[in-house]
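Beneath this line is the structure, given in structure tokens, with notes to follow.
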Number of protein chains: 2
Amino acid sequence: MSDVKPAEGPVNIGEAPSSVGFLLSQLGFVMARRFQQVMAPLGLEPRQFLLMRLVAFNEGKTQQALGEALNIPASRMVAIVDELERRGLLERHPDPADRRVRRLYVTAEGRRLLQQALEVAMAHEQRVSAPLGPAEREQLLALLHRLADDQQITAGVHPDLTTPDPAGC
Amino acid sequence: MSDVKPAEGPVNIGEAPSSVGFLLSQLGFVMARRFQQVMAPLGLEPRQFLLMRLVAFNEGKTQQALGEALNIPASRMVAIVDELERRGLLERHPDPADRRVRRLYVTAEGRRLLQQALEVAMAHEQRVSAPLGPAEREQLLALLHRLADDQQITAGVHPDLTTPDPAGC
DNA sequence: TATTGTTATACTCTATAACTATA
DNA sequence: TATAGTTATAGAGTATAACAATA
């Protein structure tokens with residue numbers, strides 16, 4: 001019960017042995033934040049960028065199909081597409097055969113912005129990879145892919161917070 | 001303006017060339033979620049675990065000093081410490097010399113729980129590292145540390161969302 | 001007047017589910 | 001009855017700043 005002598009020095013960050021899990025978690029957050037920052041000047045959030053890119057690769061797909069591919073719930077898709085459409089970056093087209101569905105298309109302006117965004121993304125990738133040589137970078141990518149496969153991560157789909165729990169511990 | 005023929009096949013996830021940034025972001029989210037899941041049975045959120053661990057390494061430090069070390073705002077610290085104290089895992093002790101400050105101590109029960117949590121964390125680390133051999137794991141750690149240094153990541157401190165932007169792009 | 005810890009308010013994001021119009 | 005998209009409601013988490021006690 002007696003108080004220990006209150007140390008007044010600097011706080012000691014308990015040095016744990018290097019951890020793959022914690023390092024990846026730290027780096028993942030920082031990478032996501034940096035990417036968000038470099039995209040911000042274009043007015044694109046990471047999620048909007050991923051959707052624009054997906055629509056460009058899949059013109060005419062339904063809003064629902066695209067949302068499912070990115071694990072974005074239908075009710076969230078509405079607001080996201082609303083804004084991108086309002087800004088003239090993509091369009092909802094009605095389907096003559098089924099008037100419930102909305103098929104998404106990228107506009108000419110959307111394509112221009114997407115092109116810029118892709119260039120920004122490539123520059124970002126170069127920047128964050130800068131500390132590594134080409135061979136080291138390939139080595140890292142190979143190792144990360146091994147872990148990603150083990151975790152059943154789908155290429156191109158970000159496991160934001162949308163997926164509660166796929167399966168298997 | 002004429003509609004393109006609406007493709008009805010599967011959605012094509014545009015295969016981008018492998019990206020260190022995106023892979024790290026994906027893996028980081030998954031690692032954080034898995035860690036959260038393995039800690040849940042102990043009733044500890046990752047943030048609570050980090051704080052418990054920090055207090056154990058720094059008994060008698062003030063609430064404010066500990067919060068700053070983890071980049072947790074003072075107003076958030078209150079609720080976090082409230083709950084851990086309510087559960088009997090740590091205690092606020094008044095400082096006789098300055099009655100404004102609260103110095104934090106881990107209780108015996110807190111120590112027991114922390115010990116369990118550390119074991120869970122080690123098992124988690126082994127699990128996520130399982131796809132790699134010992135040499136590969138060391139290789140990966142070395143490469144990740146290079147990137148972490150470049151991003152000015154502090155060992156043991158998670159850049160959750162608390163740090164808006166340190167400095168330098 | 002400055003500082004530690006606390007509390008209160010407002011805001012953002014999200015999930016959930018109700019709702020509409022079609023099928 | 002089922003489905004695509006939409007809207008509405010409520011909840012969690014947070015930042016911000018006001019506040020009380022003490023220095």
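Chain naming here is simple, since letters A, B, ... match the order of the sequence lines and numbering starts at 1 in each. Note that the structure is a prediction, hence the values are computed from the model and not measured.
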M77(B) side chain near L51(B) side chain, heavy-atom distance below 4.5 Å: yes
Rounded (10°) bend between the five-pair end axes of the helix from dT1(C)-dA23(D) to dA23(C)-dT1(D): 30°
Length of the line joining L104(A):CG and dG5(D):P, which is rounded to integer Å: 8 Å
Option among M31(A), R33(A), Q26(A) that satisfies the side-chain contact (heavy atoms from CB on, under 4.5 Å) test with Q151(B): M31(A)
Parallel, tilted or perpendicular: ring planes of F29(B) versus H158(A), cut at 30 and 60 degrees: perpendicular
Partner of Q48(B) by side-chain contact (heavy atoms from CB on, under 4.5 Å), out of L89(B), L42(B), L84(B): L84(B)
Nearest-Å distance for atom pair CD1/C1', residues I80(A) and dT14(C): 11 Å
Pairwise salt bridge (Lys or Arg N to Asp or Glu O under 4.0 Å) hits with a residue in residues 107-118 of chain A, at least two apart: E59(A)-R111(A)
Contact list for residues 55-86 of chain A, test ring-ring contact (aromatic ring centres under 6.0 Å, His included), sequence neighbours left out: none
Nucleotides 6-12 of chain C: protein proximity per nucleotide (B base, S sugar-phosphate only, - neither; heavy atom, under 4.0 Å): BB-----
Atom pair distance, as rounded to whole Å: CZ in R103(B) and P in dT4(C): 11 Å
Distance in angstrom units between N71(A) CG and dA15(C) P, rounded: 11 Å
Might you list the N or O atoms of the protein lying below 3.5 Å from N or O atoms in nucleotides 1-3 of chain D, with each pair's distance?
unit_1: dT3(D); atom_1: O2; unit_2: R100(A); atom_2: NH1; d: 2.6

Residues that F35(A) engages under ring pair (Phe, Tyr, Trp, His ring centres under 6.0 Å), provided they are two or more places apart: F49(A), H124(A)
5′-ward residue of the pair R47(A)/A97(A) relative to DNA chain C: R47(A)
Heavy atoms from other residues, nucleotides or ligands near CD of Q126(B) exceed 12 (cutoff 6.0 Å): no
Gap between atoms CG and P, on D95(A) and dG5(D) respectively (whole Å): 10 Å
Rounded distance (Å) that lies between atom C1' of dG13(D) and atom CD of Q36(B): 13 Å
Spacing between K61(B) atom NZ and dG5(C) atom C1', to the nearest angstrom: 18 Å
Side-chain touch R146(B)/L132(A), heavy atoms, less than 4.5 angstrom: yes
Distance in angstrom units between R99(A) CZ and dT22(C) C1', rounded: 7 Å
Minimum side-chain heavy-atom gap L24(A)-L147(A) below 4.5 Å: yes
Interatomic spacing from CZ in R53(B) to CG in L44(B) - rounded to 0.5 Å: 13.0 Å
